[in-house]
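Notes for the one structure printed next.
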There are 2 protein chains.
Amino acid sequence: MSAYTPSETSRRSGFSLDTLRYYERIGLLSEVDRTPGGQRVFSDHDLGWLGLLRCLRDTGMPINQMCRFAELARDGDGTVADRVELLRAHAEAVEEQMALLERQYGHLREKIRYYESELAAQS
Amino acid sequence: MSAYTPSETSRRSGFSLDTLRYYERIGLLSEVDRTPGGQRVFSDHDLGWLGLLRCLRDTGMPINQMCRFAELARDGDGTVADRVELLRAHAEAVEEQMALLERQYGHLREKIRYYESELAAQS
DNA sequence: CTGACACCTGGAGTGCGCTCCAGGTCAAGC
DNA sequence: GCTTGACCTGGAGCGCACTCCAGGTGTCAG
């Protein structure tokens, strides 16, 4: 069980120091350990949780939903079913997002081809 | 060459009336036709352009880049090469975005499976 | 002609997700 | 002990992309 400084944690998680503090403030990150002097000490467990948060953020989950998820996680084992449900719903949203993205990417490629043919015709 | 009312245009493009006006204001949508009374009349050409804007927005292009693109488009045929370049760069960004999304989607699915196994063990 | 509803303008306001700041404290190497 | 750089707090500020509003005008069916 290693311990990490704030900057180390920032580096590893990809969240800025300010964001880490912000996440703790809004309850996304529960009570991080402190040195006697009051500085944060992150654990492997925190790092793992941050990894999950990163995954959710990267897939576009809004903060308030992540807070709901964090709340469930804090409330212990009885909430696993709710957490699964939340993640499943999110996964579905992500699937739609990916489908849209791919569709629009196709249009984009088409547009590029069209412009390229115009370019060729111009010269 | 059909003509469309603002609300019809909103419906077809998926942009709200306010957004259409906003886009015109910031130069994303060049001088839309008007009735003698001053109300907007959108053309097929406008609709097509809005479709492209929708594609770019859906793939995450920031507004200021879209403005740059619109500016090039307004400046005529001489800018086709620049426009292609801009779109190609964006397409690359979209590819990275899709790759990240898929990777994180994979993690999400894993997490769900993990929670499901926990659920099964609990009961 | 009238009523109802769509539309107009300029400008202010909103929600999100951070990010920055001032003014201080802590920790570690010399 | 002192310096230096990382870290602390509470709170304000920011950038983005809209969205809403008040107060007025246009359009068109009946």
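Here is how names work: the chains are called A, B, and so on, in the same order as the sequence lines, proteins then strands, and each is numbered from 1.
B/Pro62 comes within contact range of the sugar-phosphate backbone alone, with a heavy-atom separation under 4.0 Å but no base atom that close. Within 4.0 Å of B/Arg21, counting heavy atoms only, lies at least one base atom of the nucleic acid.
Residue B/Ile26 is grouped with residue B/Leu86 when hydrophobic side chains (ILVMFWY) are merged at heavy-atom distances under 4.5 angstrom, including chains of intermediate members.
As a whole-Å value, the separation of B/Asp33 CG from C/dC8 C1' is 16 Å. Atom-to-atom, CG of A/Asp18 to P of D/dG10 comes out at 14 Å; the value is rounded to the nearest Å. The nearest whole Å value for the distance from the CG atom in B/Asp58 to the C1' atom in D/dC18 is 15 Å. Atom CZ of B/Arg34 is separated from atom C1' of C/dA6 by 14 Å (rounded to the nearest Å). Spacing between atom CD of B/Gln65 and atom P of D/dG15 amounts to 18 Å, rounded to whole angstrom units. Separating the CG atom of B/Leu17 from the C1' atom of C/dA6 is a distance of 9 Å, rounded to the nearest angstrom. Across the protein-nucleic acid pair, B/Leu53 atom CG and D/dC18 atom P stand 10 Å apart, rounded to whole Å. Rounded to whole angstrom, the span from the OH atom of B/Tyr22 across to the P atom of C/dG13 amounts to 18 Å.
Distances shorter than 4.0 Å separate some side-chain N or O of B/Ser16 from OP1 or OP2 on D/dT19. Here B/Thr35 does not reach the OP1 or OP2 of D/dG26: none of its side-chain N or O atoms lies under 4.0 Å away. The phosphate of D/dC7 has OP1 or OP2 within less than 4.0 Å of a side-chain N or O from A/Thr5. Taking only side-chain nitrogens and oxygens, B/Arg40 comes nearer than 4.0 Å to OP1 or OP2 of C/dC8. A/Thr19 has no side-chain polar atom (N or O) that falls below the 4.0 Å cut-off from OP1 or OP2 of C/dG17.
Salt bridge present: B/Glu95 and A/Arg109 bring a charged side-chain N and a carboxylate O closer than 4.0 Å. Using a 4.0 Å cut-off between charged side-chain N and carboxylate O, A/Arg113 and A/Glu110 make no salt bridge.
Counting heavy atoms from C-beta outward, B/Leu52 and A/Leu108 have side chains that stay 4.5 Å or more apart.
Heavy-atom distances under 4.0 Å link DNA chain C to B/Arg25 of residues 23-32 of chain B, given in residue order.
In this structure B/Phe15 satisfies the ring pair (Phe, Tyr, Trp, His ring centres under 6.0 Å) test together with B/Tyr23, sequence neighbours excluded.
Side chain of B/Ser10 to main chain of B/Pro6: no donor-acceptor pair is present (N/O by atom type, distance under 3.5 Å, no hydrogens or angles).
Using the six-membered ring where Trp is involved, A/Phe69 and B/Tyr115 have ring planes that are perpendicular, over 60° apart on the 30 and 60° scheme.
Projected onto DNA chain C by closest heavy-atom contact, B/Gln39 and A/Arg57 fall at different nucleotides, the more 5' of which corresponds to B/Gln39.
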